[in-house]
Amino acid sequence: MIITTSHEFSRGGTVFGGDNMAAAAIDRIVHHGRLLQLRGESYRVKHALMK
């Protein structure tokens, strides 16, 4: 399963309806997973702005 987001973990409370719910959901998602952070300019945003 791959989950992508442009939100930081610190903003999870706004996504999951509260800080406690966010902490529980993130804990379960990343427990045996791998976290990849991609840095740099977004290809999608860059090309969407061209239109």
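Remember, it's a predicted structure, so these values are computed and weren't measured experimentally. Values reported hereafter were calculated over all heavy atoms of this structure, with side chains retained and with hydrogens, waters and symmetry mates removed.
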Examine Leu36 and Met1 and state if one hydrophobic cluster contains both, with Ile, Leu, Val, Met, Phe, Trp and Tyr joined whenever side-chain heavy atoms are less than 4.5 Å apart.
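They do not share one cluster, since no chain of ILVMFWY contacts under 4.5 Å joins Leu36 to Met1.
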Shortest non-hydrogen contact from Gly13 toward Ala22
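Looks like N-CB, 3.6 Å.
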Inter-residue atom distance Ile26.CD1 - Asp19.CG, 0.5 Å rounding
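It comes to 9.5 Å.
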How would you list, by chain and number, every residue that makes a side chain to side chain contact (heavy atoms under 4.5 Å, CB included) with Ser42, sequence neighbours excluded?
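Once residues adjacent in sequence are excluded, the partners of Ser42 under the side chain to side chain contact (heavy atoms under 4.5 Å, CB included) criterion are Arg44, Val45.
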Using a 6.0 Å cut-off, check whether atom CG of Asn20 has over 12 heavy atoms from anything other than its own residue.
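Not more than 12 within 6.0 Å, no.
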